[in-house]
Amino acid sequence: MIKIENFEVMGWEHVIRGMRNPMNSWNKSDSGICKGGEDGIGCEHCAVEIPCTHAYDHSWQLGKADHELMMKLAKAGSVHGKFRRMIAVYVDITAPLYWWKEFDTYKIGTVANSCSTMHKIHAKEFTLEDFSCEHLSCWGAAPRGNTDGDLMDEKVSDFMYDYMGALMATIVALNSAREQFLKRQDKRYWWQMIQLLPSSYNQKRTVMLNYEVLSGIYIYRKNHKLDEWREFCHWIEQLPYSEIITCNVEEPTE
């Protein structure tokens, strides 16, 4: 499970000025406010494909010439496409700890403020909705040797394991430790919660990243085995002018 909300993309006008600095080509910029008349960029200069969805709504839009230059530089690689580092993205992400563990490999160009498990793990009762468990299975008794897709070694048990039940039992244990901690304020019970907390626990973070970081993520993660990464890459595809991010389609060797 991953939830992505409250995103904002910023910096387009500054990015364009910086992108055009090397060739002093600021006069060729054609981005601006979407409105008619001489003070608007007009549909003939707008980079958005027809049919237009924002007819003269006074929003800021990327011009065709600026868009063409961005695509040319982005396709040339990260050195030439360094303008992407200046396109900032702010977003709230709620995802399981096992996903955040992989996300944390992206240290350069990202900043995150997370909800604290250290300080607030006891703040509310644990419920099933706090965990990503959509793939957990619940099986009943099964004859020895029936491994159902080799999910269990037949030597381990006479029955298929109840994985959802294991999580539910963990939640019960977590709530028991929480109740004792609230009642006694004894740190021993806090330790029970901290060390028992599964990696499927969902944590919310407010993240700042940029289009260059997202480009690196998209190339390596769009076909990842985790649902959360594929959903994240689908969200990238919905960002304004996402083709600037996704244009380097050649997949590197892992």
Side-chain angles (χ1 to χ4, degrees), residues 2-93 103 106-113 205-222 230-250:
I2 187 170
K3 182 165 66 174
I4 304 170
E5 54 191 348
N6 302 324
F7 75 87
E8 184 177 8
V9 181
M10 305 175 65
W12 292 103
E13 296 180 64
H14 308 287
V15 167
I16 291 170
R17 290 201 306 272
M19 178 183 66
R20 291 192 172 278
N21 281 346
M23 301 301 292
N24 295 354
S25 61
W26 311 288
N27 61 312
K28 295 183 179 180
S29 177
D30 58 351
S31 301
I33 301 299
C34 174
K35 59 181 179 179
E38 296 180 357
D39 57 346
I41 68 169
C43 291
E44 67 273 16
H45 297 297
C46 182
V48 174
E49 296 292 333
I50 302 299
C52 177
T53 58
H54 53 79
Y56 299 147
D57 62 358
H58 290 239
S59 61
W60 186 92
Q61 296 296 328
L62 190 63
K64 289 181 179 178
D66 290 329
H67 182 266
E68 182 180 354
L69 180 57
M70 284 183 173
M71 291 297 295
K72 178 180 178 181
L73 294 173
K75 289 179 179 179
S78 60
V79 173
H80 296 284
K82 60 185 178 183
F83 71 90
R84 293 189 298 194
R85 306 173 199 171
M86 300 176 65
I87 306 175
V89 182
Y90 294 86
V91 60
D92 290 342
I93 303 173
F103 179 85
Y106 299 96
K107 293 294 186 183
I108 300 176
T110 65
V111 181
N113 285 306
R205 300 186 189 181
T206 298
V207 179
M208 184 195 78
L209 27 71
N210 59 61
Y211 270 33
E212 181 66 17
V213 172
L214 291 175
S215 176
I217 290 175
Y218 186 81
I219 291 173
Y220 285 99
R221 305 286 181 167
K222 64 179 180 178
R230 296 197 301 274
E231 290 180 36
F232 188 79
C233 289
H234 179 67
W235 169 75
I236 291 175
E237 294 169 352
Q238 312 306 311
L239 289 172
Y241 310 108
S242 62
E243 63 273 15
I244 298 169
I245 302 172
T246 63
C247 59
N248 295 319
V249 294
E250 185 176 328

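For the single chain, residues carry numbers from 1 onward in sequence order.
Residues meeting the side-chain hydrogen bond (donor to acceptor under 3.5 Å, both in side chains) test with S242, sequence neighbours left out: none. With sequence neighbours left out, the side chain to side chain contact (heavy atoms under 4.5 Å, CB included) criterion links W235 to I4, F7, V89, V91, L214, F232, L239. Not counting sequence neighbours, the partners of Y106 by the side-chain hydrogen bond (donor to acceptor under 3.5 Å, both in side chains) test are R221. Not counting sequence neighbours, the partners of N21 by the side chain to side chain contact (heavy atoms under 4.5 Å, CB included) test are W26. When the side-chain hydrogen bond (donor to acceptor under 3.5 Å, both in side chains) test is applied to S25, the partners found at least two apart in sequence or on another chain are R20. Applying the side chain to side chain contact (heavy atoms under 4.5 Å, CB included) test to K3 and every residue at least two apart in sequence or in another chain returns M1, E5, T94. Not a single salt bridge (charged side-chain N to carboxylate O under 4.0 Å, His left out) links R85 to another residue, sequence neighbours left out. For H234, the side chain to side chain contact (heavy atoms under 4.5 Å, CB included) criterion is met by E237, Q238, not counting sequence neighbours. The salt bridge (charged side-chain N to carboxylate O under 4.0 Å, His left out) test applied to R17 returns no partner, not counting sequence neighbours. Residues passing the side-chain hydrogen bond (donor to acceptor under 3.5 Å, both in side chains) test with N113: none are found, sequence neighbours excluded.
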Derivation of the side chain to side chain contact (heavy atoms under 4.5 Å, CB included) call for T206 and N6: CA-CA 9 Å; T206 298; N6 302 324; over 6 Å; no
Would I108 and V213 satisfy side chain to side chain contact (heavy atoms under 4.5 Å, CB included), going step by step from the backbone distance to the final call? CA-CA 8 Å; I108 300 176; V213 172; over 6 Å; no
Stepwise side chain to side chain contact (heavy atoms under 4.5 Å, CB included) check, F103 with L209: CA-CA 12 Å; F103 179 85; L209 27 71; 4.0 Å; yes
Can you list the steps and then say if C46 with I41 is a side chain to side chain contact (heavy atoms under 4.5 Å, CB included)? CA-CA 7 Å; C46 182; I41 68 169; 4.2 Å; yes
Just distance, no hydrogens or angles: give the donor-acceptor pairs under 3.5 Å from side chains in residues 67-84, sequence neighbours left out.
from, atom 1, to, atom 2, distance (Å)
H67, NE2, E243, OE2, 2.6
R84, NE, E212, OE1, 2.9
R84, NH1, S215, OG, 3.4
R84, NH1, I244, O, 2.9
R84, NH2, E212, OE1, 3.1

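At least one donor-acceptor pair closer than 3.5 Å links the side chain of S31 to the backbone N or O of G63. Between the N210 side chain and the I87 main chain, no donor and acceptor come within less than 3.5 Å of each other.
Taking SG of C233 as the start and OH of Y220 as the end, the distance is 13.0 Å to the nearest 0.5 Å. One distance of note links CD1 of I33 with CD of Q61; it measures 9.0 Å at 0.5 Å rounding. Taken to the nearest 0.5 Å, the NE2 atom of H45 stands 11.5 Å off from the CG atom of D66. Atom-to-atom distance recorded for I236:CD1 and Y218:OH is 8.0 Å, nearest 0.5 angstrom.
Across all their heavy atoms, Y241 and A47 have their closest contact at CE2-CB, 4.4 Å.
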